[in-house]
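Following: one structure in structure tokens, then a few remarks.
The first residue of the sequence shown is numbered 1, and numbering continues consecutively from there. None of the values given here were measured: they were computed from a predicted structure. Just so you know, ligand 1 is whichever comes first in the structure, and atom 1 is the first atom listed for that ligand.
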Amino acid sequence: MSECLFCKFVRHEIPTQIVYEDEQAFAFRDINPQAPIHILVVPRTHVANLAEMTHEHEGLMGHLLWVCAELARREGIEPEGYRVVANTNANAGQSVYHLHLHLLGGRTMGWPPG
Ligand code: AMP
Ligand code: ZN
């Protein structure tokens, strides 16, 4: 069994604030939110990050983006806007190596990101 923290969330071995789950995707609230709404959307299957993606993951990634859009609607942040981020490897500050899309909203955001 994987020692990965997010795999343990997906398998319900460690409790977390789940906001959505289906056969392919799992979403939960970030423990250290960077915006009023900060949700992590992850695949149930372990993929480290975008750098590990193959053509086989294309459909899965499309689904994860749909989950982000759907949760943005449910959380009420769609009209004013939101951001989806996938930190990949060291320069981007990736700290957990199970692919996750950050869904951030509820405040205005700067550009470019830091
Ligand atoms: P990243 O730095 O892009 O790899 O994002 C990892 C995210 O996981 C960070 O925003 C953390 O706050 C979040 N995180 C780490 N541990 C937990 C946890 N136990 N529950 C929820 N979110 C977590
Ligand atoms: Zn994992």
Could you see which bit of V85 sits under 4.0 Å from ligand 1, with heavy atoms only: side chain, backbone, both or neither?
-> neither
Close-contact set for ligand 1 against F6 heavy atoms, below 4.0 Å = 8 (O)
Around E78, counting heavy atoms of other residues, nucleotides and ligands shown, do more than 12 lie under 6.0 Å from its CD?
-> yes
Please say whether G93 places an N or O atom under 3.5 Å from an N or O atom belonging to ligand 1.
-> yes
Output the atom name for the N/O/S atom of H46 with the smallest distance to the Zn ion (ligand 2).
-> ND1
Modelled atom types, side-chain donor and acceptor of H63 and D22, under 3.5 Å | yes
What is the closest protein heavy atom to atom 7 (C) of ligand 1, and at what distance does it sit?
-> D30 OD2, 3.5 Å
Under-4.0 Å salt bridge between E75 and R29 = yes
Any idea which atoms of ligand 1 are less than 4.0 Å away from a heavy-atom of N32?
-> 12 (O)
Identify the protein heavy atom lying closest to atom 17 (C) of ligand 1, giving its residue, its atom name and the separation to 0.1 Å.
-> I31 CG2, 3.5 Å
Just jot down the ligand 1 atoms closer than 4.0 angstrom to any heavy atom of R29, in number order.
-> 21 (C)
Which one of A86, A92, S95 has a non-hydrogen atom at the shortest distance from atom 2 (O) of ligand 1?
-> S95
Relative to the heavy atoms of N87, which atoms of ligand 1 are at a distance of less than 4.0 Å?
-> 3 (O)
Step through the shown structure and confirm whether more than 12 heavy atoms of other residues, nucleotides or ligands are within 6.0 Å of CD on E23.
-> no
Identity of the N, O or S atom of H98 lying closest to the Zn ion (ligand 2) = ND1
Nitrogen or oxygen atoms of H38 and ligand 1 under 3.5 Å apart | no
Does any non-hydrogen side-chain atom of N49 lie less than 4.5 Å from one of N89?
-> yes
Does the side chain of V67 come within less than 4.5 Å of Y20's, by heavy atoms?
-> yes
Closest approach of any protein heavy atom to atom 1 (P) of ligand 1, naming residue and atom = H100 NE2, 3.1 Å
Quick one: which ligand 1 atoms are inside 4.0 Å of a heavy atom on Q94?
-> 4 (O)
Of the backbone atoms (N, CA, C, O) and the side-chain heavy atoms from C-beta on, which set of F9 has a member under 4.0 Å from an atom of ligand 1: side chain, backbone, both, or neither?
-> side chain
Run the ring-centre check on H102 versus H100 and record whether the distance is less than 6.0 Å.
-> yes
Is the closest side-chain heavy-atom distance between V10 and V42 below 4.5 Å?
-> yes
Non-hydrogen atoms of L5 versus ligand 1: any pair closer than 4.0 Å?
-> yes
Decide yes or no for F26 and L40: does some side-chain heavy atom of the first lie under 4.5 Å from some side-chain heavy atom of the second?
-> no
Sub-4.5 Å side-chain heavy-atom contact between L104 and I37 = no
